[in-house]
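Report on one structure; see the data block that follows.
As the structure lists them, so they are numbered: ligands from 1, and atoms in each ligand from 1.
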Amino acid sequence: MQFRDLKKQYEALKPEIDAGIQDVINSTSFILGKPVTELENQLAEYVGRKHCIGVGNGTDALVLSLRANNVGAGDAVFVADFTYIASASCVSLVGATPVFVDIDLKTFNISPEALEKAIERTIGEGKLTPKAIIAVDLFGLPADMPAIEAIAKKYGLLVVEDAAQGFGGMINGKRACSFGDISATSFFPAKPLGCYGDGGAIFTDDDEIDQRLRSLRAGGKSPTDKYDNREVGYNSRLDSIQAAILLPKFKALADYELTDVNQVAAWYTERLKNVAVTPYIPEGFYSSWAQYTIRLKNKEERDALQSELKAAGIPSMIYYPRGMHQQQVFKDMNLSEELYPNAVEATKTVLSLPMHPYLDEETVDKICAVITDFVKGK
Ligand SMILES: *Cc1c(COP(=O)(O)O)cnc(C)c1O
């Protein structure tokens with residue numbers, strides 16, 4: 001059994017993917033070629049933003065989003081404590097300081113109450129200038145954007161949506177990658193929309209930011225002259241082959257994968273709702289299910305269940321085993337556990353189950369039977 005079955009998806013889309021790759025080879029336009037422009041146009045239209053800029057990976061998408069908005073030394077950037085490392089390391093990479101914020105245990109996303117407290121605390125300390133919020137759409141569920149955008153407005157902060165796991169999600173029909181001032185996503189193979197290597201994209205409605213990003217991703221070049229360089233830039237461009245792979249995969253996602261993966265989530269929840277804490281999707285929210293993550297009573301039960309699943313040939317993952325405040329790389333910040341009770345609880349009790357649009361009901365039955373028998377002590 002696969003945790004995320006990319007082979008089944010390839011079998012379904014093989015003719016289109018193979019032809020797309022061959023076309024790129026024939027064109028010899030390997031970087032930022034025609035498929036990249038086509039993908040940028042299709043994705044911008046789908047999410048409802050004016051511009052989409054293809055880049056090398058999701059981490060760079062976040063770094064460039066901050067750079068293009070002049071976030072840097074002396075700035076505080078607020079980010080959830082419970083997330084993948086890139087949500088936080090992007091802040092350090094531009095010279096700013098991440099301020100970690102506890103999560104809402106029900107959604108696993110940043111807690112708006114804890115966010116406001118962290119902003120007030122930072123203002124009170126007077127050392128850093130509150131500048132931006134990175135709102136992560138964890139596990140495919142959009143962050144509480146209405147609440148976050150209201151707080152950002154109150155304190156005059158920039159909102160960067162980290163939609164690396166969020167592509168395809170929605171709040172009241174408005175799509176992920178269209179929230180806040182700027183949005184970043186990742187096409188890492190296991191994400192809701194993944195390619196066959198590294199890739200990423202940035203979404204913005206601002207023409208000037210769009211121009212600056214197109215410069216930054218290509219060495220800081222001027223729009224008209226590649227060898228006239230205006231600022232220190234990056235080499236972070238999307239490959240044409242990756243875009244050619246993404247085009248049919250995006251069509252499948254929009255046509256049926258999102259519906260199918262939501263069906264899989266419903267099968268899981270139906271079977272597990274009285275066995276463990278199943279994912280909570282707030283009213284009006286729609287998840288693209290980058291992960292299906294349950295919570296167990298405590299760490300002992302979680303770890304023992306993972307062993308039990310493994311013995312039954314069922315893969316599962318702990319996303320994430322530690323909060324940002326517990327990461328080696330941030331240990332000099334001397335952050336107190338007490339600020340992150342929910343994130344700490346999540347690290348001890350979460351377990352992500354096999355999840356992808358090609359999972360069938362029989363397999364979900366088998367997985368849920370193992371979990372149910374274990375928890376009920378049979
Ligand atoms: C995967 C991920 C990233 C980084 O994406 P890469 O393409 O792997 O660099 C950033 N944020 C979150 C929440 C992610 O899950």
Could you pull out all donor-acceptor pairs under 3.5 Å where a side-chain atom in residues 121-136 meets a protein atom, sequence neighbours excluded?
from   : atom 1 : to     : atom 2 : distance (Å)
Thr122 : OG1    : Ala118 : O      : 2.7
Lys131 : NZ     : Asn70  : O      : 3.3

N/O pairs closer than 3.5 Å, ligand 1 and protein:
from     : atom 1 : to     : atom 2 : distance (Å)
ligand 1 : 5 (O)  : Ser186 : OG     : 3.4
ligand 1 : 7 (O)  : Gly58  : N      : 2.7
ligand 1 : 7 (O)  : Ser186 : OG     : 2.7
ligand 1 : 9 (O)  : Gly58  : N      : 3.3
ligand 1 : 9 (O)  : Thr59  : N      : 2.8
ligand 1 : 9 (O)  : Thr59  : OG1    : 2.6
ligand 1 : 11 (N) : Asp162 : OD1    : 3.3
ligand 1 : 11 (N) : Asp162 : OD2    : 2.8
ligand 1 : 15 (O) : Gln165 : NE2    : 2.8
ligand 1 : 15 (O) : Lys191 : NZ     : 2.7

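Considering Arg302, Glu308, Gln306 as possible partners of Ser316, the one that fulfils the side-chain hydrogen bond (donor to acceptor under 3.5 Å, both in side chains) test is Gln306.
For residues 318-355, the set of pairs meeting the ring pair (Phe, Tyr, Trp, His ring centres under 6.0 Å) definition, not counting sequence neighbours, comprises Phe82-Tyr320, Phe100-Phe330, His325-Tyr340.
Legend: residues meeting side chain to side chain contact (heavy atoms under 4.5 Å, CB included) with Tyr280, ordered by chain and number and at least two apart, are Lys106, Thr107, Pro282.
Note that Lys174 lies in the cation-pi zone of Phe179, set by a 6.0 Å cut-off to the ring centre and a 45° limit from the axis.
Salt-bridge formation is detected for the pair Glu231/Arg212: a Lys NZ or Arg NE/NH1/NH2 atom is positioned less than 4.0 Å from an Asp or Glu carboxylate oxygen.
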